[in-house]
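Letters go in sequence order (proteins before strands), and every chain restarts at 1.
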Protein chains: 2
Amino acid sequence: MDHKARFAGHSGDRGGGKSNLNASKPATIEDVALIAGVSIATVSRALNEPGKVADSTRRRVIDAVAQTGYTTNAMARSLRMRRSHMILILAPDVGDPNFSNILVGLETEASKRGYGILIGNTQNDPEREANYLRFISSNQADGLILLTGHLPYGLTASGPNKKLPPMVAVNEPVANASIPFVGVDNFEGARVATDHLISQGHTRIAFIGKSLSRTVASLRERGYRTAMQGAGLTIDERFVLEADGTTESGRGAAERMFVRDQLPTAFFCVNDATALGVIIALSARGYDLPLDFSVMGFDDISYASFVTPSLTTMKQPRLQIGEASMDLLLAMLEGEEVKKREILLRSDLILRNSVAMRRA
Amino acid sequence: MDHKARFAGHSGDRGGGKSNLNASKPATIEDVALIAGVSIATVSRALNEPGKVADSTRRRVIDAVAQTGYTTNAMARSLRMRRSHMILILAPDVGDPNFSNILVGLETEASKRGYGILIGNTQNDPEREANYLRFISSNQADGLILLTGHLPYGLTASGPNKKLPPMVAVNEPVANASIPFVGVDNFEGARVATDHLISQGHTRIAFIGKSLSRTVASLRERGYRTAMQGAGLTIDERFVLEADGTTESGRGAAERMFVRDQLPTAFFCVNDATALGVIIALSARGYDLPLDFSVMGFDDISYASFVTPSLTTMKQPRLQIGEASMDLLLAMLEGEEVKKREILLRSDLILRNSVAMRRA
DNA sequence: ATGGGTAATGAAAAGGTTTACATGACTTTC
DNA sequence: GAAAGTCATGTAAACCTTTTCATTACCCAT
């Protein structure tokens, strides 16, 4: 009571302003200024650059803010500052277990630095991609995180002459465009994975998941080849099979393998989903894994440990990837000097039960 | 060329305006108006209410828009309209496989209706929840989707006197607050699940996952009890065990079961994660599933089919849930008369290999 | 005392829309 | 042929900030 009256007195200082206090509309900076007995400029400064305002007035402003429940209108601020403090994340499928923790990492880092995230699920539909660009062009988002592996349709079309918005490609690099990239070192990871199979005595190692179009797949294949070569093993090209990265494609590839006269003893699969398909196919044929065949995946998706046999694989540090890429993007946005335009994180070998020593 | 000149002529009509055409800044409505030779009001109308503008001028406006590459500045529009066309989604863990497709559904429906989504990962941290409310209070989001099962911290505190923003609770209802809800019919689903076990000849059926605090768990427990009662079976209360819904809790509960003198023949688990824990525990003890014990889950999370034995469970129509809840929220937002404040979707029984006839 | 510098504040512009109200031309109606 | 509409458009206010520039008050050194 007492203290309400005190503030009322303050507000009276400036005479009959157009006070809106009892209206139900949210308080504006003007309401705060009125109560604190200062100009709106001072209120703005008190909140955003506290150092530039006298202690006593700052206190009055803070009190007034508390009293009115004022929160600055983000739209007005963004309009004036031309910064929304929002980041648009474009992903082909938000539900993809591969993305889950990357999203969490992205969100965590963004939130920590006062940014919000805005999600666009494109399903690789050019129309949806282009549509989401309006968030960028209309200033609703300051930057772009690309989980799609390619430039969104609208940007591709307008060509490289137009200046691209600040963006970072994550997980899957963008071909033919020097977009900063954050992801796992796929080449090195595949090498480590293959080396592990070799260390278990395997020499006839198949690679399931060759793909000309997907950069990640090519890198992993190269890692596989390098490891084989490094160990002095020759690659039977009939053991290198195409697959598009789905469980079904893995199953199919494994089936195709059985028309050959000779079989590998181990399968290195381009990712866990593919590996799962291979496991399903082999189990269906009655083989005992990992006794009869070893199967190695890549990614360590959430259910890799629940499959039977549980999947030996390379773990992607997803949380880290998310955080690092958001960190990079925000650094770019805030004008910090960014030296590394490519951040490759290490993936770790996760030993489980789908890989065993080659049978003597 | 020719046609550029034509437009230049138009723009000249109004005399020396402050044309900004060659500047690198994005075009504003004023630039368009200048070129089309109309006022900015007309441009706005031509774009937003085409019917209110003469055909000929509308064409000129459209041409001018194309020429300038104009896109309306979302910030300015939102500021003026007090509508951001953004929806804030609050989830405890975006990476949770239970949410994945709900998110996709939410995004799809929102995008279809011209809204964008903004994601807040709260990790059940009151501070983060409260922090995200600024998106609502600052007009950055028009509505709220709650996947958390409770009101975000800031709202709880301010009490029910303050008017709540438009919101819809999804998946997990919010207790003690009449928030519109969209989710699966947990009671009915649990009844169907239990009935299935009963139909397989089981009579000693355990319920793993009792929880006093989680509404969903209580509903499922009630469904279980109702089914048992309906079949004239008595529930051995020692078979009703608490568990918090994690895999680890399921494993622990199953272990606790083995200190009893009598065992159930089937386990109905409050969710798939719990069921997985139970399967792990039973397998570790050397039992042969589903021969020795039947295990039933709930949710049909993504890896339910990859577990061994693959999990018989109740499928949540996640995509539908997401779409329906966004639809409901947007309807509320756009002032449509909303009759149903609760939408319960049916969950379907998914038959797999973790449930079998009771051994004779 | 005077001039120059600094610190705290205010007035007003700018940011880009939408929209209530006004205006003017043209059509209809008696 | 005048009054009453209707239709297309324009003017200007409103939305709520941040920030430039100007102003005032004060202090210090000369």
Send over the distance from [X] [atom1] to [N] [atom2], rounded to a whole Å.
X: Q140(B); N: dT17(D); atom1: CD; atom2: C1'; value: 13 Å
X: D55(B); N: dT9(D); atom1: CG; atom2: C1'; value: 15 Å
X: R83(A); N: dG15(C); atom1: CZ; atom2: P; value: 17 Å
X: E49(A); N: dA8(C); atom1: CD; atom2: C1'; value: 13 Å
X: K52(B); N: dT18(C); atom1: NZ; atom2: P; value: 13 Å
X: R80(B); N: dC15(D); atom1: CZ; atom2: P; value: 8 Å
X: N73(B); N: dT17(D); atom1: CG; atom2: P; value: 17 Å
X: I29(A); N: dC15(D); atom1: CD1; atom2: C1'; value: 14 Å

So what does [X] touch, heavy atoms closer than 4.0 Å: a base, only the sugar-phosphate, or nothing?
X: T71(B); answer: sugar-phosphate
X: T72(A); answer: sugar-phosphate
X: S56(B); answer: nothing

Nearest-nucleotide 5' precedence on DNA chain C, R45(B) against A41(A):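 The residue closer to the strand's 5' end, by nearest nucleotide, is A41(A).
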
Is [X] near enough to [N] that one of its side-chain N or O atoms lies under 4.0 angstrom from OP1 or OP2?
X: T57(B); N: dT9(D); value: yes
X: T28(B); N: dG16(C); value: no
X: R82(A); N: dG16(C); value: yes
X: S44(A); N: dT18(D); value: yes
X: T42(B); N: dT9(D); value: no
X: R77(B); N: dC15(D); value: no
X: N48(A); N: dT18(D); value: yes

Among dC16(D), dT17(C), dT18(D), the nucleotide that comes nearest once only the side chain of M81(A) is considered: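 Selected nucleotide (nearest to the side chain): dT18(D).
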
Nearest to side-chain heavy atoms of A54(A), which nucleotide of dG10(D), dA8(C), dT19(C):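 Nearest nucleotide to the side chain: dA8(C).
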
Do you know the tightest heavy-atom contact between [X] and [Y]?
X: P152(B); Y: L133(B); answer: CG-CD2, 3.8 Å
X: L88(B); Y: Y132(B); answer: CD2-O, 3.4 Å
X: M86(A); Y: Y115(A); answer: N-CD2, 3.9 Å

Earlier contact from the 5' end, DNA chain D, for A76(B) and G51(B):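 Closest to the 5' end, via its nearest nucleotide, is G51(B).
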
Residues, nucleotides or ligands: over 12 heavy atoms within 6.0 Å of E334(A) CD: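 Yes, the 6.0 Å shell around CD holds more than 12 heavy atoms from other groups.
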
Electrostatic pair D55(B)-R58(B), nearest N-O below 4.0 angstrom: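 Salt bridge flag = yes for R58(B) with D55(B).
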
Note, L164(B) side chain near I179(B) side chain (heavy atom, < 4.5 Å):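 Yes - at least one pair of side-chain heavy atoms lies under 4.5 Å apart.
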
